[in-house]
Visitor: 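My structure is below; once you've seen it, I'll send some questions.
As a basis for the values below, the full set of heavy atoms in this structure was taken, side chains included, without hydrogen atoms, waters or symmetry mates.
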Amino acid sequence: MKEIELIFLPGCPYCVKAKQAVKELQAENESYAGLPLKWINEQEETGYADAHDYYYVPTVYWNDRKFFEAAPGDSLEKIKAGIRTAFDAAVESAGR
């Protein structure tokens with residue numbers, strides 16, 4: 001299964017929320033716990049970041065599709081819902 005890619009920046013408050021959302025989602029649904037995740041630091045992996053269409057972080061890609069891009073002011077619940085869409089697609093694809 002392809003990895004779910006989560007682009008983030010260190011120190012970004014919305015990225016902190018994304019990490020919290022991932023932990024909560026994995027605790028709530030065991031199907032999410034086994035999903036392969038790749039956290040991509042935008043500052044360290046600039047080539048990857050430049051090759052993708054997004055402006056804000058965190059941004060979530062899976063299977064070459066952007067599922068979520070945070071916006072200023074997003075709540076934990078909004079970020080969690082956005083990440084959930086990628087998780088659900090990956091679980092459905094795997095037939096779990």
Side-chain angles (χ1 to χ4, degrees):
M1 170 185 293
K2 289 189 90 172
E3 295 172 314
I4 296 171
E5 299 168 330
L6 300 105
I7 305 170
F8 75 99
L9 279 171
C12 163
Y14 302 103
C15 298
V16 171
K17 290 179 185 179
K19 290 181 181 193
Q20 180 181 347
V22 166
K23 287 180 186 178
E24 289 180 12
L25 287 165
Q26 290 174 330
E28 293 168 8
N29 185 333
E30 68 180 45
S31 295
Y32 297 156
L35 294 174
L37 304 178
K38 181 177 181 183
W39 290 92
I40 299 159
N41 182 331
E42 183 186 72
Q43 291 175 331
E44 293 177 357
E45 298 186 51
T46 55
Y48 177 93
D50 291 345
H52 288 77
D53 180 31
Y54 71 97
Y55 188 76
Y56 294 112
V57 291
T59 298
V60 181
Y61 284 92
W62 180 73
N63 209 20
D64 300 321
R65 176 179 163 207
K66 180 170 40 173
F67 277 83
F68 177 72
E69 179 175 355
D74 278 356
S75 67
L76 171 61
E77 288 308 312
K78 183 164 185 175
I79 293 169
K80 188 174 176 180
I83 294 170
R84 184 182 291 113
T85 62
F87 282 14
D88 286 344
V91 167
E92 183 178 323
S93 172
R96 292 184 180 184

Visitor: Would you check if P58 and L6 make a side-chain contact, meaning some heavy-atom pair closer than 4.5 Å?
Guide: no

Visitor: Please check this pair: side chain of D88 against backbone of T85, looking for a donor-acceptor N/O pair closer than 3.5 Å.
Guide: no

Visitor: Do V91 and F67 share a hydrophobic cluster, counting only Ile, Leu, Val, Met, Phe, Trp and Tyr and linking them when any side-chain heavy atoms are less than 4.5 Å apart?
Guide: yes

Visitor: To the nearest 0.5 angstrom, please state how far the CD atom of E92 sits from the OG atom of S31.
Guide: 12.0 Å

Visitor: Would you call the rings of W39 and F8 parallel, tilted or perpendicular if under 30° counts as parallel and over 60° as perpendicular?
Guide: perpendicular

Visitor: Of the non-hydrogen atoms in L35 and A90, which two are nearest, and what is the gap between them?
Guide: CD2-CB, 3.9 Å

Visitor: Taking the side chain as every heavy atom from C-beta outward, state whether Y48 and K38 have any pair of such atoms under 4.5 Å apart.
Guide: no

Visitor: Can you confirm whether K78 is buried at NZ, in the sense that more than 12 heavy atoms of other residues, nucleotides or ligands lie under 6.0 Å from that atom?
Guide: no

Visitor: Nearest 0.5 Å please: distance from the CG atom of D50 over to the CD atom of E45.
Guide: 11.5 Å

Visitor: Show the nearest heavy-atom pair for residues P10 and Q43, with the distance to one decimal.
Guide: CD-OE1, 3.7 Å

Visitor: Can you sort out the partners of E24 under side-chain contact (heavy atoms from CB on, under 4.5 Å), two or more places apart, ordered by chain and number?
Guide: Q20, E28, L76, K80

Visitor: Treating W62 as the side-chain partner and F87 as the backbone partner, does any N or O pair qualify as donor plus acceptor under 3.5 Å?
Guide: no

Visitor: Return the minimal non-hydrogen interatomic distance between A71 and Y14, and the atom names on each side.
Guide: O-CE2, 4.3 Å

Visitor: Does any part of the side chain of H52, heavy atoms only, come nearer than 4.5 Å to the side chain of T59, both counted from C-beta?
Guide: no

Visitor: Show the nearest heavy-atom pair for residues Y56 and E69, with the distance to one decimal.
Guide: N-OE2, 2.7 Å

Visitor: Taking all non-hydrogen atoms of both residues, which atom of F68 and which atom of I79 are closest, and how far apart?
Guide: CZ-CA, 3.7 Å

Visitor: Rounded to the nearest 0.5 Å, how far apart are CD1 of I40 and CD of E5?
Guide: 4.5 Å

Visitor: Less than 4.5 Å apart, any side-chain heavy atom of L37 and any of Q26?
Guide: yes

Visitor: Check whether any side-chain heavy atom of R84 sits under 4.5 Å from a side-chain heavy atom of Y32, and report yes or no.
Guide: yes

Visitor: Do L25 and I7 sit in one hydrophobic cluster, given that two such residues count as connected whenever their side-chain heavy atoms are within less than 4.5 Å of each other, even indirectly?
Guide: no

Visitor: Determine the minimum heavy-atom distance between C15 and V57, stating which atoms define it.
Guide: SG-CG2, 3.7 Å

